[in-house]
**Q** 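Handing you a structure now.
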Amino acid sequence: MTTHTQTAQNKPPGSVTGGEGLLTGPVRTVLAAVLLVLLLAAPFALYPVFLMKVLCFALFACAFNLLIGFVGLLSFGHAAFFGGAAYISAHTVKVWGVTPEIGILLGTAFAAALGMVFGLLAIRRQGIYFAMITLALAQMIFFLALQMPFTGGEDGIQAVPRGRLFGVIDLTSPLAMYYTVLAIAVLGFLIIWRTVHSPFGQVLKAIRENEPRAISLGYRTEQYKLAAFVMSAALAGLAGATKAIVFQLATLTDVSWQMSGEVVLMTLLGGMGTLFGPVVGAALVVTLQNYLAATNLPVTVVIGAIFVVCVLVFRRGIVGELTRILKGSRG
Amino acid sequence: MAGDAILETNGLTKEFRGFVAVRNVDLRVERGTIHALIGPNGAGKTTVFNLLTKFLQPTSGRILYNGQDITRIKPADVARLGIVRSFQISAVFPHLTVLENVRVALQRPLGNSFHFWESESRLNRLNGRAEELLEDVGLSGYAGHLAVELPYGRKRALEIATTLALDPDMMLLDEPMAGMGHEDIGRIAELIRRVAAKRTILMVEHNLSVVADLSDRITVLARGEILAEGSYAEVSRDARVMEAYMGTGHA
């Protein structure tokens, strides 16, 4: 850890460019490389299905964070995109017999289209009203998932075949499945990273910081917010669709409001508005759920308690606080 | 040459659930002038500003900019036509750097504001112009600071630099001196005078010495209506204006 602190200290004060100014240049590259090697080696040390779950939720949380952390919009209906895409990919793979990558793409496209509809209806509203409209719309999707014939009601869609990626690679092999999921998650993360650090991302941050001012500079902010919303929905869908292939399952849990809440929790725990925060938050929550499930402890109570502590002690989330401490030590 | 109005309103009225905040305002701002809008608290000055920039939709009346009817257009499009406003509470992007604040304004005409696949380093070509603008308002040493770290007067200067980045024909300044210390007032007043050389400025301001000093023409609002209009010398002698400010007829 001392190396980052050192680099941060040596930086000239003028070079801070908001948000992620902490890890720059070579340090960031080295760190990213180390992380990638760890992720590539991980399935040899840990249970691959668990890792894939972490990756899917990490992508989901990152997609959600794109909206709350970089545009300042709190959606409470992201389960609709995650779960909706899961149903579509599960159905297309199982019933239509498409290859998994096509199923995932169809699920993602569905989530994007749904995001467009939600966005058009909700984007003019601010704060709690925006959250409530997204929640209401997501509940409608939940209801549809419960009632429509193809979704299997309470049972969901089960026994979805993993199939062969591009018709070639057999995904029933845990390693092949893991590397596929890893590739998808890294791709999604790179898209988000690029978006945040793009001309578009600059405008999004300006809107987050002061929307009336952005309007008075001539930005039609609703269009930017809508674009970000669709993007976030699509990436949440990508995560959900992938999850459906991994677990061979799409159920009501994926579209329930608790799922929307869980992604808020992951993002806040990890640190909203930081790029890595949601990844850390997702890993933490999934790990706790997995390991606590084997004990007698009530999972929700423990996670709830952690959340309360987090809000009281480190409001910026784990990564947010670490960033602040490292920045502070620069003096 | 009294004919050249850049901004004009006819019968501008705004009602909030039966309360008439602005009534029948016929305002005429001439090109190249500094025009001040003054009046006691609650006179409707900020409402007029919000109407002119379309942050509020008027209940009735028309707004003409360069002879074009802009009554029904959206606030972002008002800005695109060349009318840029400031806000009462200094409007900066707090957690962007000072340089980025100005660059966001410069960025829009590039047409890459939806490009999420490009690196933000594409925007670096704007840095030179942004630094010039910062230097103009006396902020050259602050480019890398977060806007939130600036003292209040400097935030105001940053806001003006950001506005100037759009090179607007008309600037609407909502209480540019609000909450400022003495030396900041002098500096900002000088800045306003300087940028007004090529532009039209409409400002709401409580500081009457600033108004007297800067304005070519003054409109006095009271209870949502125009009470008087003219030069500072004219309106300051007006008995109705004195009454509105002092609250009695004996002032």
Side-chain angles (χ1 to χ4, degrees), chain A residues 11-21 66 69-72 124 190-232 234-235 272-274 316 320 323-324 327, chain B residues 50 53-55 74-87 89-123 126 141-149 159 162-163 165-166 168 172:
Chain A
K11 234 148 38 87
S15 67
V16 182
T17 48
E20 306 284 315
L66 177 64
F70 296 98
V71 199
R124 283 160 179 276
L190 286 177
I191 291 174
I192 291 169
W193 176 80
R194 170 42 75 223
T195 303
V196 166
H197 295 291
S198 71
F200 178 64
Q202 277 286 309
V203 180
L204 292 184
K205 284 180 230 170
I207 292 172
R208 174 193 71 190
E209 292 293 312
N210 191 337
E211 188 175 357
R213 180 55 170 165
I215 293 172
S216 84
L217 294 179
Y219 287 107
R220 295 170 180 140
T221 54
E222 280 167 13
Q223 295 176 5
Y224 291 85
K225 292 198 300 192
L226 183 60
F229 192 85
V230 171
M231 203 167 203
S232 171
L235 289 164
M272 89 182 191
T274 63
R316 293 160 214 259
T323 310
R324 193 178 60 93
K327 266 188 183 171
Chain B
N50 285 332
T53 47
K54 309 314 318 295
F55 277 74
K74 296 196 163 179
D77 297 316
V78 171
R80 286 161 180 245
L81 286 174
I83 308 180
V84 181
R85 67 168 298 176
S86 72
F87 294 81
I89 302 158
S90 97
V92 295
F93 303 114
H95 297 97
L96 298 186
T97 65
V98 168
L99 186 79
E100 284 172 327
N101 262 269
V102 177
R103 221 169 53 175
V104 165
L106 292 170
Q107 181 189 338
R108 185 170 52 76
L110 288 186
N112 67 358
S113 296
F114 277 104
H115 293 191
F116 63 85
W117 57 89
E118 278 179 5
S119 165
E120 63 191 345
S121 63
R122 283 294 184 96
L123 300 172
L126 300 172
Y142 294 86
H145 287 65
L146 291 183
V148 68
E149 295 165 356
E159 189 182 350
T162 308
T163 303
L166 298 181
L172 272 64

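Chain naming here is simple, since letters A, B, ... match the order of the sequence lines and numbering starts at 1 in each. Values in this document were obtained by computation on a predicted structure and should not be read as measured data.
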**Q** Heavy-atom cut-off 4.5 Å, strictly under: side chain, backbone, both or neither for B:Val98 against chain A?
**A**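 Contact with chain A involves no heavy atom of B:Val98 at all.
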**Q** B:Gln107, B:Arg85, B:Lys54: which one forms the most heavy-atom pairs within less than 4.5 Å of chain A?
**A**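 Highest number of heavy-atom pairs under 4.5 Å: B:Gln107.
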**Q** Between A:Met231, A:Gln202, A:Gln223, A:Arg208, which residue shows the highest count of heavy-atom pairs closer than 4.5 Å to chain B?
**A**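 When all of A:Met231, A:Gln202, A:Gln223, A:Arg208 are compared, A:Gln202 has the most.
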**Q** Looking only at side-chain N and O atoms, does B:Arg103 offer a donor or acceptor that is under 3.5 Å from a partner on B:Thr162?
**A**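 Not at all, the side chains of B:Thr162 and B:Arg103 share no donor-acceptor pair under 3.5 Å.
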**Q** Under a 4.5 Å heavy-atom cut-off, does chain A meet the side chain of B:Phe114, its backbone, both or neither?
**A**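 For B:Phe114, backbone and side chain are both near chain A.
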**Q** What pairs with B:Glu149 under salt bridge (charged side-chain N to carboxylate O under 4.0 Å, His left out), at least two apart in sequence or on another chain?
**A**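 If we apply the salt bridge (charged side-chain N to carboxylate O under 4.0 Å, His left out) test to B:Glu149, skipping adjacent residues, there are no hits.
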**Q** With a 4.5 angstrom heavy-atom cut-off, which part of B:Thr53 approaches chain A: side chain, backbone, both or neither?
**A**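 Neither part; nothing is under 4.5 Å.
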**Q** Pairing donors with acceptors under 3.5 angstrom, does anything connect the side chains of A:Arg213 and A:Ser216?
**A**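 Side chains of A:Arg213 and A:Ser216: pair found under 3.5 Å.
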**Q** Pick one of side chain, backbone, both or neither for A:Ala227, based on which atoms fall under 4.5 Å of a heavy atom in chain B.
**A**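 Answer is side chain: those atoms of A:Ala227 sit under 4.5 Å from chain B.
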**Q** Show your working on side chain to side chain contact (heavy atoms under 4.5 Å, CB included) between B:Val84 and B:Leu172 and close with a plain yes or no.
**A** CA-CA 6 Å; B:Val84 181; B:Leu172 272 64; over 6 Å; no
**Q** Tell me, which pairs form a side-chain hydrogen bond (donor to acceptor under 3.5 Å, both in side chains) where one or both residues lie in residues 74-83 of chain B, sequence neighbours left out?
**A**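 Every side-chain hydrogen bond (donor to acceptor under 3.5 Å, both in side chains) pair that includes a residue of residues 74-83 of chain B, provided the two are not neighbours, is A:Arg220-B:Asp77.
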**Q** Do B:Phe87 and A:Pro212 have side-chain heavy atoms sitting under 4.5 Å apart?
**A**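 Touching, per the 4.5 Å side-chain cut-off.
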**Q** With a 4.5 angstrom heavy-atom cut-off, which part of B:Phe55 approaches chain A: side chain, backbone, both or neither?
**A**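 Contact with chain A involves the side chain of B:Phe55 alone.
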**Q** Looking at A:Ile207, A:Leu217, A:Val203, which has the largest count of heavy-atom pairs under 4.5 Å with chain B?
**A**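 Option with the top pair count is A:Leu217.
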**Q** Thinking salt bridges, do A:Lys225 and A:Glu211 make one under a 4.0 Å N-O criterion?
**A**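 Salt bridge present between A:Lys225 and A:Glu211.
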**Q** So for B:Thr163, is it side chain, backbone, both, or neither that comes closer than 4.5 Å to the heavy atoms of chain A?
**A**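 B:Thr163 touches chain A through backbone and side-chain heavy atoms alike.
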